[in-house]
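Working notes, beginning with the structure itself.
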Number of protein chains: 2
Amino acid sequence: MDATLAALADPTRRKVIDLLRDGPRPAGELAEAVSMSAPALSRHLRVLRAGGLVRAEAGGDDARLRVYTLRPEPFTALQAWLDQVQAFWAEQLGSFKDHVERGR
Amino acid sequence: MDATLAALADPTRRKVIDLLRDGPRPAGELAEAVSMSAPALSRHLRVLRAGGLVRAEAGGDDARLRVYTLRPEPFTALQAWLDQVQAFWAEQLGSFKDHVERGR
DNA sequence: GCAACGATTAACCAACACGTTAACGACTTG
DNA sequence: CAAGTCGTTAACGTGTTGGTTAATCGTTGC
């Protein structure tokens with residue numbers, strides 16, 4: 001949870017996530033898409049990997065390529081936490097409902 | 001979106017969110033709950049306020065108190081983004097379904 | 001009015017995050 | 001095998017973050 005949100009805190013990394021939304025891509029394409037030096041992006045990718053947000057596999061045809069793909073687990077975990085937080089307003093709504101039903 | 005995730009990146013601030021889940025609290029209580037000096041927490045609260053995650057109102061009885069409450073907007077916005085990201089696997093599932101239905 | 005209190009801001013410092021260029025290892029291609 | 005390519009790590013400078021204590025502002029209560 002900690003690693004997930006730390007990873008998502010950076011705009012560049014979020015942009016990478018958004019890019020990967022329409023399909024896996026090799027590191028090079030990602031670097032160019034965010035107009036950043038390859039080393040800089042490589043470290044962002046390391047953070048994303050450490051947080052389990054992405055996974056890298058060797059490109060089948062050209063083994064030099066490292067193809068990155070989104071991983072679902074951290075996102076579902078985050079969503080679960082968000083649901084818990086939002087339960088707060090559900091309670092508020094419940095109190096209000098009780099309040100109303102109690103006739104005032 | 002940026003401010004939201006930046007705010008959530010810090011563990012202390014997430015703990016504050018979790019504390020506020022079961023009701024509004026004054027700054028002092030929060031500071032003690034996270035065992036941190038009042039100034040340190042005050043700055044965390046400023047970040048949370050800037051991101052719109054919380055709102056502060058003067059305590060009705062004692063005007064020295066600043067009572068903090070959760071605000072829903074950033075959380076729903078974040079959830080919307082998460083849904084978009086997760087659409088990725090929905091597509092994958094679709095492809096798999098097509099794959100199966102195509103008889104192989 | 002004056003001491004105490006709650007909260008924030010100011011000033012300062014250690015630690016970390018992020019970008020750059022340079023160097024390196026692994027693979028491909030002629 | 002030699003040169004070029006893809007990606008990562010190393011080393012470095014810089015800006016930001018997060019904590020501390022000291023000072024400030026508004027409110028409370030005797």
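Chain letters run A, B, ... following the sequence lines, proteins first and then strands; every chain starts at 1.
Close to C:dT9, at under 4.0 Å from its OP1 or OP2, lies a side-chain N or O of B:Arg46. Taking 4.0 angstrom as the limit, B:Thr12 places none of its side-chain polar atoms (N or O) nearer than this to OP1 or OP2 of D:dT17. The phosphate of C:dA17 (OP1 or OP2) has no side-chain N or O of A:His44 nearer than 4.0 angstrom. Between B:Arg13 and D:dG18 there is a side-chain polar atom (N or O) within less than 4.0 angstrom of OP1 or OP2. Between B:Tyr68 and C:dT8 there is a side-chain N or O to OP1 or OP2 distance below 4.0 Å. For D:dT20, the OP1/OP2 oxygens have a side-chain nitrogen or oxygen of B:Ser37 closer than 4.0 Å.
Between atom OH of residue A:Tyr68 and atom CG of residue A:Leu45 there is a gap of 4.5 Å, rounded to the nearest 0.5 Å.
Checked by atom type and distance alone, the side chain of B:Arg14 pairs as donor or acceptor with a backbone atom of B:Leu8 at under 3.5 Å. Proximity of a side-chain donor or acceptor of B:Thr76 to a complementary backbone N or O of B:Glu73 within less than 3.5 Å is detected.
Going from atom NZ of B:Lys15 over to atom P of D:dG18 covers 17 Å, rounded to whole Å. Across the protein-nucleic acid pair, B:Arg66 atom CZ and D:dT27 atom C1' stand 13 Å apart, rounded to whole Å. The distance from atom CG of B:Leu45 to atom P of D:dT17 is 16 Å, rounded to the nearest whole Å. A straight line from CE of B:Met36 to C1' of D:dT21 spans 15 Å, rounded to a whole angstrom. Between the CG atom of A:Leu48 and the P atom of C:dC18 there is a distance of 10 Å, rounded to whole Å. Atom-to-atom, CD of A:Glu29 to C1' of D:dG7 comes out at 14 Å; the value is rounded to the nearest Å. B:Arg43 has its CZ atom 8 Å from the P atom of D:dG19, to the nearest Å. Atom CG of B:Leu41 and atom C1' of C:dG6 are 13 Å apart (whole Å).
The shortest non-hydrogen separation linking A:Gln86 to B:Phe75 is NE2-C, 3.6 Å. Closest heavy-atom contact between A:Ala9 and B:Asp2: O-OD1, 3.9 Å.
When the nucleotides D:dT8, C:dT8, C:dG6 are ranked by their closest atom to the side chain of B:Arg49, C:dT8 comes out on top. Checking D:dT20, C:dT28, C:dC18 against the side-chain heavy atoms of A:Arg64 singles out C:dT28 as nearest. In this structure, the nucleotide among D:dG7, D:dT9, D:dG18 sitting nearest to the side chain of B:Asp10 is D:dG18.
As judged by a 4.0 angstrom heavy-atom cut-off over every strand, A:Ala38 is placed among the base-contacting residues. Among the protein residues, B:Pro26 comes within range of the sugar-phosphate backbone only, with heavy atoms under 4.0 Å from sugar or phosphate atoms but none that close to a base. At a threshold of 4.0 angstrom between heavy atoms, the contacts of A:Ala40 include nucleobase atoms, whether or not backbone atoms are also involved.
A:Gln79 and B:Asp83 share a donor-acceptor pair across their side chains, judged by distance under 3.5 Å alone.
The nearest heavy atom of DNA chain C to B:Ser42 and to A:Ala9 marks one nucleotide each, and the one closer to the 5' end goes with B:Ser42.
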